[in-house]
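Let me begin by presenting the structure, written as structure tokens, before commenting on it.
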Amino acid sequence: MHRVYNFNAGPSTLPLPILEQAQEELVEFKDKGMSILEMSHRAKDYEELHFGATNLIRELLGLPETYKVLFLGGGATLQFAMVPMNLLPAGRSCDFTLTGAWSKKACQDAQKIGGVNIIYDGKPNNYLNLPDPTSLTVDCDAAYLHITSNETIGGVQWQSFPDTEEVPIVCDMSSDFLSRRFPIGKFGLIYAGAQKNVGPAGVTVVVIRDDMLAHSPNTLPVYLNYRTHAEGDSLYNTPPVFAIYLMKLVLENLKEAGGLETAEIWAGKRSSIIYSAIADSGSFYFCPIQAHCRSKMNIVFRLPTEDLEKQFIKEAADYGMVGLKGHRSVGGCRASLYNAMPIEGAKALAEFMGEFAVRRG
Ligand SMILES: *Cc1c(COP(=O)(O)O)cnc(C)c1O
């Protein structure tokens, strides 16, 4: 077997022991004579792992009783629509911060549903910066403030969150969910597609505060109403069972490793290895993002020419480091360093960066 260091932005690298456990259990799950893939979602064994996964998320986040954890299909993208459909009543508006490609997409869907007030737009600085959270003025009548905690494509990450008093924050945490601690009390709703940091594609985690559930109009189609999933413990219809199973293994692994505090320390170590490699290269590598908001998950950087970038990506792949091409909308290079990236992967990349810069600089 030859496993590469996988720097893809998502789907992305998973811990090898988990893939091996899933492989071992695939054909027969716990002496049941069938695979988890074949099992009813009403079976006791499935329910055990379903609620096991819910409880692990509760535990890892330290969730108060007033929050529910939901497992939904449709990716984070469906949440761009579900959030305003449920939480943005007619005649009200929500506030938005536009910080890159993902928040723009979320905003476009919200605008189809109701009133949107853009309180920050990073366009003038090409989305290479984030506002000081204390400088934002939130409309005190807003139904919520939408934030994208980490812009996966642009490489900016909020280091702290604004104080919005009574206005709940709704946050797309797809690409940094469970990579650090954060003050849960500020948030009315958090959503995250699992395939960046916590599992495979197919399941989206939604954490929602009970008072938010009261807003959903009864006229919504049943699947699109958060109350359906809250009341049915995400078992109203068939949940993405295999994705939830794999995510549970990832969550167990994270808990054993020490939870969010440990994840935060490792994210700091991995990212500083790469940012240091950029800084130590003289001006061969260049990170265009303002230093105070650089992402610890997705590190974007440029080389002196596009030709060198192509060479760099190609040669890195020859050394077993893949997924370093920047998103097609921004170009350049991007190293995604999620929870499952071993520190050795970051070190190997930094070493290659240093060697390449000496050779081609
Ligand atoms: C990947 C990503 C999405 C889209 O996720 P899907 O599950 O593919 O719909 C949304 N927001 C952010 C921040 C992402 O990184």
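In listed order, ligands and their atoms are each counted from 1.
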**Asked** Any side-chain donor paired with an acceptor under 3.5 Å for Ser35 and Glu28?
**Response** no

**Complete:** Taking every heavy atom of Tyr338 against every heavy atom of Ser175, the minimum-distance pair comes out as CE2-O, 3.5 Å

Could you list each nitrogen or oxygen of ligand 1 that sits under 3.5 Å from a protein nitrogen or oxygen, with the atom names and the distance?
unit_1, atom_1, unit_2, atom_2, d
ligand 1, 7 (O), Ala76, N, 3.1
ligand 1, 7 (O), Gln195, NE2, 2.9
ligand 1, 8 (O), Gln195, NE2, 3.4
ligand 1, 9 (O), Ala76, N, 3.1
ligand 1, 9 (O), Thr77, N, 2.9
ligand 1, 9 (O), Thr77, OG1, 2.5
ligand 1, 11 (N), Asp172, OD2, 2.6
ligand 1, 15 (O), Thr152, OG1, 2.4
ligand 1, 15 (O), Lys196, NZ, 2.5

**Message:** Can you pull out every side chain to side chain donor-acceptor pair (under 3.5 Å) where at least one residue sits in residues 267-276? Sequence neighbours excluded, please.
**Reply:** none

Considering only distance and modelled atom types, tabulate donor-acceptor pairs under 3.5 Å from the side chains of residues 234-245, sequence neighbours left out.
unit_1, atom_1, unit_2, atom_2, d
Ser234, OG, Phe71, N, 2.9
Tyr245, OH, Glu25, OE1, 2.5

**Request:** Hydrophobic side-chain clustering at under 4.5 Å (ILVMFWY, transitive links): who's grouped with Val358? Put none if nobody.
**Result:** none

**Asked** When the ring centroid of Tyr191 is compared with that of Phe177, is the distance short of 6.0 Å?
**Response** no

